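Each ligand, and each atom within it, is numbered from 1 in the order the structure gives. Since the model is a prediction, treat every value here as computed from it, not as a measurement. Heavy atoms only: backbone and side chains are in, while hydrogens, waters and symmetry mates are out.
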Amino acid sequence: MERISHWIGGKLVPGESGRTGPVFNPATGVQTHEVDFASVEEVDRAVAVAQEAFAEWRATSLSKRSDIMFRARDAIDRNRRELGTIVSEQHGKVLSDAMGEVARGLECVEFACGVPTLMKGGFSEQASTGVDVYSIRQPLGVVAGMTPFNFPAMVPMWMFANAIATGNCFILKPSEKDPGASLLIAELLQEAGVPDGVFTVLQGDKVVVDRLLEHPDVKALSFVGSTPIARYVYDQGTKHGRRVQALAGAKNHMVVLPDADIDMAADAAVSAAYGSAGERCMAVSVLVPVGDVAEPLIAAIRERIPKVKIGHGMDPGSEMGPLVTREHRDKVASYMESAAAQGATVVVDGREHPLYTQDGFFFGVSMIDHVTTEMDCYKDEIFGPVLAVVRADSYEQAVGLVNDNPWGNGTAIFTRDGGAARQFTFECQAGMVGINVPIPVPVGYYSFGGWKSSLFGDSHMYGPEGIHFWTKGKVVTERWPDPGTSKVDLGFPRTR
Ligand code: NAD
């Protein structure tokens, strides 16, 4: 069985803890790899290596760091297919989708290439007589990122691009379910000129996360994953005095007003609910048709569902692959039973797809109608290809659903009415809003983050907020000797 190990000090380091976990190809159900789980001692050793690399890296000039980021962008781009293949074979998503996630992640690397501009501070000449003031931003030191299974290439790029470019040494703890991409990324960063110790990969589970959270030399932690773990990471990290951002789960509502273009809305709903088998934190999981649009919209979606081609992620004909593990697939399937038992109408049941009974972790696209807010299929983040339809009588009721939901990652409205869309943008309680765009993931030069239980911490991910998160500010007040104005003054320094 092929091993997936750690990357420490610029080389592969086999695990020594004796603890490992299985990695499967979800399309076949066969275990393909064994991944090492680091121990507390291994984490400590990796942090020490990163800490040693920090002094030189933070002193490396901005132009050199920018140059390395350009090279990293190029190296990752050239290896987009190879990276996508690893992602597809361990996560299950189709290759085009996996390569798409690499492309979206690269936006963050492109952004980080501009680090000389992004690190620029302000300068106030003559803030006081003979006194100038300027601000600078400096890196934090050793920092860490812990990532979920659903974007094994993109989410690490959300984090490390800005973290490294700003002069930190970054430790990645990938998901143990699909850890392979992290090692190719490490090799490519090395090829691009990232010095040894500046980028580290520690494979593992809770043991690694817990040690990173409490290690005194780890100054900031970025986390993306499910809400219960995100809350835990935020609480533990801040308890230890660390800077933490923890992006969490979601239940994204797509509101469709009666004046919307039905075909456009149906295409968008199918793409956003079933793309990547619904394993996206920005997937549309709740459709909210308002008034009369419900029947024609649901009919249009039903018409499209049988045409979604489900199969092996590496088969060019496939549009949707399997779910990540058998346990997760079975959990997703269980919502078909509970929804029916709680009074919803299961319009399309993913268990009826012929691949459901095969060896891979497949589940067909599903739609549940007449869902209410008390049902489990509404209350839980299912994270599978399941679209729940909650019908609303009015716009007010629809926006109320979005705002009353405990999550607030993304939301979308489909309408031709600019005034209604503007009102929705004004009042909806979510961090990312789409207007006739179902998955409004911000481009790399904006920042990504939800509201409510979709994010713990103050700062959003990547873009300008990412630069802020990975650096700390310093303000310098300076006066240069001017024999003409020098005198003894014991009073409190005041602006003059
Ligand atoms: P997860 O919470 O199970 O795992 C995320 C990370 O936490 C992994 O690295 C995992 O090893 C680690 N982890 C798991 N259990 C832990 C524990 N008890 N203590 C400490 N660490 C632990 O999430 P997942 O299933 O890998 O990913 C799917 C979830 O991520 C979904 O809820 C999805 O909405 C969310 N997600 C959110 C965003 C966002 O930006 N808001 C983006 C992608 C995914």
Side-chain angles (χ1 to χ4, degrees), residues 4 19 21 23 26 35-38 43 90-93 101 104-105 108 144-159 171-179 181-182 201-214 221-237 244-252 276-285 323-325 327-329 331-332 380-384 405-411 430-432 439-442 447-457 459-463 465-466:
I4 295 177
R19 292 188 321 118
V23 178
V35 57
D36 291 331
F37 286 0
V43 175
Q90 294 181 10
H91 172 285
K93 66 176 73 176
E101 88 159 80
R104 288 309 304 264
C108 299
M146 295 149 296
T147 53
F149 80 81
N150 67 323
F151 287 113
M154 181 180 77
V155 171
M157 285 191 256
W158 284 3
M159 299 174 179
I171 298 178
L172 172 66
K173 205 302 279 174
S175 168
E176 65 278 34
K177 296 190 180 104
D178 47 14
S182 63
V201 181
L202 278 173
Q203 310 290 358
D205 56 358
K206 183 173 165 53
V207 171
V208 179
V209 174
D210 284 345
R211 183 59 188 151
L212 289 171
L213 284 170
E214 65 182 27
L221 301 109
S222 183
F223 174 90
V224 176
S226 60
T227 293
I229 312 294
R231 187 180 278 121
Y232 167 80
V233 163
Y234 184 75
D235 289 349
Q236 287 298 111
V244 185
Q245 61 175 184
L247 280 71
K251 198 80 182 174
N252 305 311
S276 201
E279 290 172 322
R280 290 178 179 147
C281 63
M282 289 291 277
V284 164
S285 47
L323 292 168
V324 69
T325 58
E327 297 69 37
H328 183 54
R329 192 277 306 269
K331 177 93 197 304
V332 171
D380 298 352
E381 180 186 37
I382 300 176
F383 222 54
N405 192 276
W407 283 294
N409 216 34
T411 185
M432 294 166 282
I439 304 188
V441 173
S447 297
F448 181 111
W451 287 11
K452 298 187 275 183
S453 294
S454 293
L455 180 132
F456 302 92
S459 78
H460 288 195
M461 183 79 71
Y462 69 74
E465 294 201 32

- Does an N or O from E176, backbone or side chain, lie closer than 3.5 Å to an N or O of ligand 1? yes

- Could you tell me whether P228 approaches ligand 1 through its side chain, its backbone, both or neither, with non-hydrogen atoms closer than 4.0 Å? neither

- Short version for N150: what comes under 4.0 Å of ligand 1, heavy atoms counted, is side chain

- May I ask which of W407, F223, F37, F149 has a heavy atom nearer to atom 6 (C) of ligand 1 than the others do? F223

- Item | Trace of the side-chain contact (heavy atoms from CB on, under 4.5 Å) decision for N252 with W407 | CA-CA 8 Å; N252 305 311; W407 283 294; over 6 Å; no

- Message: With respect to L247, determine whether any N or O atom, backbone or side chain, lies less than 3.5 Å from an N or O atom of ligand 1.
- Response: no

- Item | D205/R19 salt bridge by N-O under 4.0 Å criterion | yes

- Message: Polar contacts were defined as any N/O atom of the residue lying under 3.5 Å from an N/O atom of the ligand; does this apply to K173 and ligand 1?
- Response: yes

- Message: Please classify the I229 to ligand 1 contact at 4.0 Å (heavy-atom distances, strictly less than): side chain, backbone, both or neither.
- Response: side chain

- Message: Once you restrict to heavy atoms under 4.0 Å, what part of E381 touches ligand 1? Side chain, backbone, both or neither.
- Response: side chain

- Message: Polar contacts were defined as any N/O atom of the residue lying under 3.5 Å from an N/O atom of the ligand; does this apply to T147 and ligand 1?
- Response: yes

- Assess whether side-chain contact (heavy atoms from CB on, under 4.5 Å) is satisfied between S453 and R231, documenting all intermediate values. CA-CA 8 Å; S453 294; R231 187 180 278 121; 3.9 Å; yes

- Message: With nothing but distance in play, are any N or O atoms of F151 less than 3.5 Å from an N or O of ligand 1?
- Response: no

